Amino acid sequence: QHLSRGWISARVPAHFFLRKSETRRERLQIESANGQFSVVNGLGAPIHSVWFANSAGQIFTATNIAAGQRAALVSSTNSVRTGHLGPQSLFEKAGYITRPDFASDAANYLLPNTYIAELAANPFLENGLGAKSSARTKTHAVVYGLIEPSKP
C-alpha cells in the first residue's frame, strides 16, 4: 500500500466582496449656467448613464462619463411623473435579479432635484482577502442621489 502526503486545495470561493468602511465623499456635481446643465462625475467609477430631474421636474440625461470628467446634460422629452413613489418604488423593483430599464422608466423613479446614475463599476465594494478583480467579479452600481437646492 502506497501513502502520499500533500496539500489539497479548499473548495471554497476564492473571492468575496466587502463594503468599504471608510468615510467617502463620492457624489455628482450638477452645475447650471445660462440655462444649461452639466454634471461632474465624482462617484469614483465611469457612469454608463445618468438621469437628472431639475427643481421643475424636467429630466436631463448624459451617457459615458469617465470618473472625474464633466459632461453636458441633454434635455429629454420626459418629466417627472405624478403619482410615482420615487426611490421607494425603485428599491422595491430593483433587486438581485431584476434591473429596471432606466432609459424608459427613469421618470417613474425621479423626484425633483434627484438623479439616478448607472455606474460601469462599483466603487463602494472591494475584493476581500486581497483577491484580484477579474471578469467573473465585475460589478456595477446604481446610485440614487439627492441634489441640495441652491440657496437664493
Side-chain angles (χ1 to χ4, degrees), residues 13-152:
H15 70 275
F16 58 90
F17 291 108
L18 298 173
R19 182 174 173 264
K20 292 182 179 180
S21 60
E22 60 192 23
T23 301
R24 300 179 56 149
R25 303 279 187 237
E26 285 94 349
R27 65 182 179 154
L28 285 186
Q29 184 176 339
I30 309 283
E31 299 174 350
S32 176
N34 301 324
Q36 299 292 319
F37 288 101
S38 63
V39 61
V40 177
N41 179 1
L43 292 173
I47 294 175
H48 175 65
S49 300
V50 63
W51 297 267
F52 161 66
N54 67 5
S55 59
Q58 183 178 4
I59 297 176
F60 298 81
T61 187
T63 58
N64 301 321
I65 309 166
Q69 297 299 304
R70 175 187 308 275
L73 288 165
V74 178
S75 179
S76 101
T77 57
N78 294 329
S79 59
V80 171
R81 296 196 180 125
T82 57
H84 54 74
L85 296 175
Q88 179 181 346
S89 63
L90 173 63
F91 294 131
E92 287 173 357
K93 184 171 182 178
Y96 293 105
I97 299 171
T98 62
R99 190 165 137 195
D101 177 14
F102 294 114
S104 60
D105 291 344
N108 292 329
Y109 308 115
L110 289 169
L111 298 170
N113 292 318
T114 63
Y115 65 84
I116 297 171
E118 282 188 296
L119 306 182
N122 192 333
F124 312 111
L125 298 177
E126 61 187 15
N127 285 323
L129 300 176
K132 302 234 186 297
S133 184
S134 71
R136 293 183 336 159
T137 61
K138 188 171 182 172
T139 62
H140 72 278
V142 174
V143 175
Y144 192 101
L146 308 173
I147 301 295
E148 186 175 310
S150 58
K151 297 185 169 67

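Remember, predicted model here, so these are calculated numbers, not experimental data.
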### Task
Search all heavy atoms of L43 against all heavy atoms of A117 and return the closest pair with its distance.
CD1-CB, 4.1 Å
### Task
Quick one: pull up CG in L73 and OG in S32 and give me the separation to the nearest 0.5 Å.
10.0 Å
### Task
Only counting residues at least two apart or in another chain, list the ones meeting side-chain hydrogen bond (donor to acceptor under 3.5 Å, both in side chains) with Q58.
S75
#### Entry: Least distance between heavy atoms, V40 atom then G68 atom
CG1-O, 4.4 Å
### Task
Measure from the side-chain N and O atoms of N41 to the backbone N and O of I65, and report whether any donor-acceptor pair falls under 3.5 Å.
yes
### Task
Indicate the atoms forming the closest heavy-atom contact of A107 with S79, along with that distance.
CB-O, 3.4 Å
### Message
What I'd like to find out is whether the side chain of L146 reaches to under 4.5 Å of the side chain of N113, using heavy atoms alone.
### Response
no
## Note on the structure
The complete set of salt bridge (charged side-chain N to carboxylate O under 4.0 Å, His left out) pairs with one or both residues in residues 43-55, sequence neighbours excluded, reads none
### Message
How long is the straight-line distance from CG of L28 back to CD1 of I147, given to the nearest 0.5 Å?
### Response
6.5 Å
### Message
Suppose we screen for side-chain contact (heavy atoms from CB on, under 4.5 Å). Which residues come up paired with S49, at least two apart in sequence or across chains?
### Response
W51, T63, E118
### Query
Can you name the closest pair of heavy atoms from A72 and A62 and give their distance?
O-CB, 3.6 Å
### Query
Is it true that a side-chain atom of S38 and a backbone atom of A71 form a donor plus acceptor pair closer than 3.5 Å?
no
### Task
Please identify each residue that fulfils side-chain hydrogen bond (donor to acceptor under 3.5 Å, both in side chains) with S76, with sequence neighbours left out.
none
### Summary
Taken in chain and number order and not counting sequence neighbours, the residues that satisfy side-chain hydrogen bond (donor to acceptor under 3.5 Å, both in side chains) with E31 are Q29, R70
## Note on the structure
Residue pairs passing the ring-ring contact (aromatic ring centres under 6.0 Å, His included) test with at least one member in residues 60-81, sequence neighbours excluded, are F37-F60
### T61/V50 under side chain to side chain contact (heavy atoms under 4.5 Å, CB included): CA gap, chis, key distance, verdict
CA-CA 6 Å; T61 187; V50 63; 5.5 Å; no
### Query
Rounded to the nearest 0.5 Å, how far apart are CZ of F52 and CG of L110?
9.5 Å
### Query
Can you tell me how far CG of N64 sits from CD1 of I47, rounded to the nearest 0.5 angstrom?
10.0 Å
### Query
Measuring from Y144:OH to T114:OG1, what's the distance to the nearest 0.5 Å?
3.5 Å
### Query
If you look only at pairs with a residue in residues 45-56, which of them pass as a salt bridge (charged side-chain N to carboxylate O under 4.0 Å, His left out), with sequence neighbours excluded?
none
### Task
Output every pair passing salt bridge (charged side-chain N to carboxylate O under 4.0 Å, His left out) with a member in residues 55-68, not counting sequence neighbours, ordered by first then second residue.
none
### Task
Measure across A106 and I116 and return the closest heavy-atom pair with its distance rounded to 0.1 Å.
O-CD1, 4.5 Å
### Summary
Of all heavy-atom pairs linking A67 and G44, the shortest is CB-C, 4.1 Å
